[in-house]
Trainee: 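Just dropping this structure here.
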Amino acid sequence: MSKSWASTLRLPKSTFPPRPLPQNREQYIRQCADDFYKWQAANRPADDEFLLHDGPPYANGSLHAGHALNKILKDMILRVKVQQGRRVSYIPGWDCHGLPIELKAVGTAEGKRMSAGAIRKAARKLAAKTVLEQMKSFRSYAVMADWDARWTTMDMAYEVRQLRLFQRMARRRLVYRKYKPVYWSPSSGTALAEAELEYNENHVSTAAYVRFPVVEGYHGLPGLDGFAGKLFAVVWTTTPWTLPANRTIAIHDDLAYHIVRFGEDAYLVAENCLERIAKLLVGEGAAPEIIATVKGSQLTQLRYVNVLQGKSAEPQPFIHGSFVTDGSGSGLVHCAPGHGFDDYLAGLSLGIPVSAPVDSDGLFTEEAYPDEPARLKGISVLDGGSAAVLNLLGDDVLDVHKYRHKYPYDWRTKQPIIIRATAQWFADVDTIKDEALAALEEVRFVPENGKNRLEAFVKGRSEWCISRQRAWGMPIPALYEPNGNAVMTDEVIDHIISVVQERGTDAWWTDAPDDPAWIPESLRGKAAYTRGRDTMDVWFDSGTSWTMMEERQADLYLEGSDQHRGWFQSSLLTRVAAMADQVAGRSTTNTLGLSPFKTLITHGFTLDQDGKKMSKSLGNIISADQVMDGSLLPPLKSKKKGGNAAPVKDALGPDALRLWIASSDYTRDIVLGEPVLKTIHQALSKYRVTIKMLTGSMHQAARTAPLTALDHIALLQLKDVMDEVGRHYDNHEFNKAFSSLNRWINNDLSAFYLEALKDRLYCADGGGVLEPIFMGFLRMLAPITPVLVEEAWEHRPAWLKEDAGVEHPLRQLYKAPVIDPARLTTDEAELREAVPVLMRTHAAIRAASELAREKKLLGSSLQCAVVLEVPEGKALDILSRYRNELEAMFVVSSVELNGAVAEAEWTVREEFELLGTPCKAWVEPPKQAKCPRCWRYVAPKEDELCARCEEVVGDGVQ
């Protein structure tokens with residue numbers, strides 16, 4: 001084309017860059033996040049607020065892609081709500097107490113030598129620093145929030161609210177102290193909640209079969225004459241280190257038990273376990289002599305001796321245990337109530353003693369072997385303890401073997417835990433369980449199976465151990481008498497809170513032990529009271545965060561699926577426990593408003609590209625920064641010449657990170673790696689190319705230009721995709737919205753409308769509906785890629801910038817019209833009827849053109865004429881109705897309906913159906929010459945303009 005013709009074209013002119021410019025990123029993020037949050041808070045109605053309550057991340061390290069997943073999902077939902085016309089409230093929070101921060105702040109060994117006050121000072125400093133670092137990262141993802149109002153669990157106001165809530169629970173007798181077994185972490189030196197455990201599937205224990213001599217209760221049992229002092233009960237245990245704490249043997253009343261002879265001795269074994277035990281005692285193929293068979297209920301008259309209890313120990317009983325089976329072991333179970341939950345409960349009503357001769361470091365105490373205390377004292381129960389105990393038992397050990405099984409570990413230190421009886425504070429869950437479960441009936445769960453998961457955790461819990469033995473945490477507000485009895489009255493708690501408000505929680509540890517300021521006036525002088533050193537479980541800390549909402553319900557809680565046993569559960573239980581006094585007298589089915597959340601959304605974990613869960617131990621953790629700076633993808637080709645040019649990262653910024661999240665089904669675990677990100681970058685590049693084309697080709701004159709059928713089709717397709725995307729947004733289905741949006745861009749917008757519009761856009765009146773498409777496109781992008789929307793708006797045409805009546809796309813209501821309805825001149829029902837016919841015909845012509853192109857008969861689709869053979873009927877009527885626009889729609893030089901196929905040098909035919917009727921499309925060489933300006937083959941002869949171009953450029957153009 002000559003330059004003179006090129007100068008007459010309306011070629012796209014846009015300042016929008018092909019890649020985001022790093023120097024502008026912070027500006028765009030500030031505008032689309034911080035400024036936008038403030039705008040919506042001032043301009044959306046206060047009486048229609050959407051409250052999202054933040055599940056506080058833990059302030060102990062750098063963020064990873066999983067943190068980004070959580071915060072960006074929240075942000076996308078909030079942006080959808082603003083598009084719906086609602087005001088959103090989102091105040092970020094941080095969980096700042098607990099062991100990980102304490103250990104990181106002071107170091108395990110060093111921390112043991114530091115005072116509690118020094119530990120707290122170091123931990124507070126670390127947590128405060130980490131909060132600021134994490135906040136900076138979150139803001140770099142274009143997450144909007146009221147960052148200035150952020151809260152942490154170590155804020156004075158938060159701590160006082162937590163103590164007040166604790167007081168309300170204590171007032172209702174839902175908090176108490178008890179000596180009972182709990183999960184104990186020797187590596188952390190504290191009790192743990194079940195939510196703080198993870199299970200090692202490949203833990204190997206030293207297991208053993210051991211015998212205990214039966215010494216009393218023979219009377220009435222058959223066949224035991226002559227076996228007094230020679231009858232033994234056989235037990236199997238995977239924790240031989242607990243045998244010094246053995247206080248009873250459990251059998252099942254309804255099981256059958258054999259009394260069998262092996263040599264000079266007799267043994268008690270469950271009927272179905274005999275073959276297993278016989279192999280241990282006499283080897284394969286041996287047939288032991290069965291002296292008698294009795295019901296388990298008959299064995300409860302027996303008494304046995306645990307030699308580890310010492311020579312002066314009293315005989316111990318056999319009891320019924322509902323947990324006893326004959327599926328493994330011997331059918332008799334060794335019970336140590338101080339080291340097992342079932343053991344404790346089984347002996348509770350029978351007054352079975354509870355002992356745990358193990359200290360906080362997991363070492364045996366003198367009580368483990370009272371006859372010779374030095375034999376076991378100081379030995380680690382997890383490292384050598386079982387072997388030492390079995391060595392003491394000597395001939396009473398029948399077999400020792402290694403046993404691989406699932407075992408609980410401390411989720412922080414990754415070391416095995418033990419079950420150990422200690423005096424701890426508990427919250428009574430059993431009393432409020434029914435109300436908590438009923439409260440969940442009003443909650444919407446996404447995905448729906450989240451309800452079953454949360455209900456299962458609540459149902460399986462009767463007590464919640466809320467005390468911990470660390471320095472960095474909230475003190476449990478109890479005073480102790482010299483004899484160790486705890487005093488926790490309403491008056492005591494109230495007084496402690498008043499001192500905390502005056503001095504701060506650190507003073508609980510740093511004030512002198514005998515400081516009278518902490519003792520209520522009514523107790524002073526009555527005893528030498530001391531302050532307790534137990535702290536509250538961090539799940540209790542974060543679980544009380546709903547008090548930030550002034551007892552309102554949050555519209556949404558959104559966290560990872562692991563929080564069903566963590567924050568979701570602790571939030572629900574603390575709210576029900578604290579507010580149950582306000583709903584006294586209600587039935588358990590009338591609990592409206594008792595749940596802290598109306599909707600509960602859970603997301604999965606992030607996996608690497610091989611499907612493995614990201615973890616520090618595997619070294620496969622991916623940070624959000626790596627996604628934003630493009631370092632996970634091959635570098636772009638440098639434009640600099642020479643071999644020393646540095647590789648250029650394909651850094652698409654927070655849009656790449658956010659689009660990865662939007663494209664993923666977050667209700668499951670989601671993959672992050674090079675293959676996924678390549679797809680995301682391709683989609684983003686397509687968005688940018690489309691925006692550049694739109695911003696460069698929109699003309700103000702198009703606002704008043706008549707709309708063609710093609711324009712109406714484009715608007716109809718836009719309306720449909722916006723409706724579809726909007727429905728997915730309403731249901732929080734961002735991956736489906738992403739798919740719908742991409743399908744529209746690739747099929748309807750790029751491959752159909754923009755391709756068909758180019759001739760009119762560049763060579764004719766520049767009309768079309770690009771501005772409405774631009775607005776609709778940006779509205780659909782607004783929740784998922786707001787930085788891209790901000791950047792696109794910054795690069796809109798000058799005439800659009802001057803129009804003060806056009807609102808920023810981020811601020812527009814999603815369902816507001818994108819074009820003045822008065823401009824729509826085509827009946828929608830009629831158009832919907834026509835579109836499938838037009839699109840099917842278009843597809844057939846493209847198929848024929850592609851075949852011709854493969855045969856090298858055709859280059860551009862404008863190089864062909866089309867003849868359509870369509871029988872009489874509805875399809876022909878529709879095509880005839882749009883006869884004058886078929887060439888433009890199909891991007892060909894001419895279209896004939898039921899015309900004669902020329903005897904040309906080549907012809908390609910495609911057969912297809914319209915409304916069930918067979919049709920044909922012929923593609924053949926054009927009948928006229930190529931116009932040098934618009935390249936359509938509609939000119940009268942070579943090098944002459946077509947009639948349309950003559951009219952546009954005027955007679956004097958050379």
Trainee: Please name the pair of heavy atoms, one in His564 and one in Gln569, separated by the smallest distance, quoted to 0.1 Å.
Mentor: O-CB, 3.3 Å
Trainee: Between Val324 and Ile251, is any pair of side-chain heavy atoms under 4.5 Å apart?
Mentor: no
Trainee: Heavy-atom count around Lys612 NZ within 6.0 Å, excluding the residue itself: above 12?
Mentor: no
Trainee: Against Ser467, only a single residue in Arg177, Arg533, Gln424 fulfils side chain to side chain donor-acceptor pair (under 3.5 Å); can you say which?
Mentor: Gln424
Trainee: On the 0 to 90° scale, with breaks at 30° and 60°, tag the His334-Phe212 ring pair as parallel, tilted or perpendicular.
Mentor: tilted
Trainee: If you measure only the distance, is there a donor-acceptor pair under 3.5 Å linking the side chains of His252 and Ser322?
Mentor: no
Trainee: Got Leu126 and Lys104 here, is their nearest side-chain heavy-atom distance under 4.5 Å?
Mentor: yes
Trainee: Are Trp567 and His53 an aromatic pair by the rule of ring centers under 6.0 Å?
Mentor: yes
Trainee: Give me the ring orientation class for Phe568 and Tyr557: parallel if the planes are under 30° apart, tilted from 30 to 60°, perpendicular past 60°.
Mentor: tilted
Trainee: Thr152 pairs by side chain to side chain contact (heavy atoms under 4.5 Å, CB included) with which of Pro92, Pro56, Cys96?
Mentor: Cys96
Trainee: Is any side-chain heavy atom of Glu159 closer than 4.5 Å to one of Met536?
Mentor: no
Trainee: Is there a donor in the side chain of Lys402 and an acceptor in the side chain of Thr206, or the other way round, less than 3.5 Å apart?
Mentor: yes
Trainee: Within a 6.0 Å radius of atom CG on Asp399, are there more than 12 heavy atoms belonging to other residues, nucleotides or ligands?
Mentor: yes
Trainee: What is the minimum heavy-atom distance between Trp241 and Gly385, and which atoms define it?
Mentor: CB-C, 4.0 Å
Trainee: Where does the angle between the aromatic ring planes of Tyr407 and His203 fall among parallel (under 30°), tilted (30 to 60°) and perpendicular (over 60°)?
Mentor: parallel
Trainee: Can you see whether Ser185 engages Ser187 through a side-chain donor-acceptor pair at a distance of less than 3.5 angstrom?
Mentor: yes
Trainee: Can you name the one residue among Val234, Ile277, Leu393 that meets side chain to side chain contact (heavy atoms under 4.5 Å, CB included) with Leu398?
Mentor: Val234
Trainee: Please examine the side chains of Tyr369 and Pro244, heavy atoms only from C-beta on, and report whether any two atoms are closer than 4.5 Å.
Mentor: no
Trainee: Can you tell if the side chain of Tyr183 reaches within under 4.5 Å of the side chain of Leu197, non-hydrogen atoms only?
Mentor: yes
Trainee: Quick one about Thr505 and Arg120 (side-chain donor to acceptor, distance below 3.5 Å, no hydrogens or angles considered), yes or no?
Mentor: yes
Trainee: Tell me yes or no: between the side chains of Trp94 and Asp54, is some donor less than 3.5 Å from an acceptor?
Mentor: no
Trainee: On the 0 to 90° scale, with breaks at 30° and 60°, tag the Tyr403-His401 ring pair as parallel, tilted or perpendicular.
Mentor: perpendicular
Trainee: Give a yes-or-no answer on whether the side chains of Thr239 and Thr242 include a donor-acceptor pair shorter than 3.5 Å.
Mentor: yes
Trainee: Answer with yes or no whether the side chains of Arg453 and Ser561 bring together a donor and an acceptor at under 3.5 Å.
Mentor: no
Trainee: Using a distance-only test with no angle check, is there a side-chain donor-acceptor pair under 3.5 angstrom linking Tyr304 and Gln316?
Mentor: yes
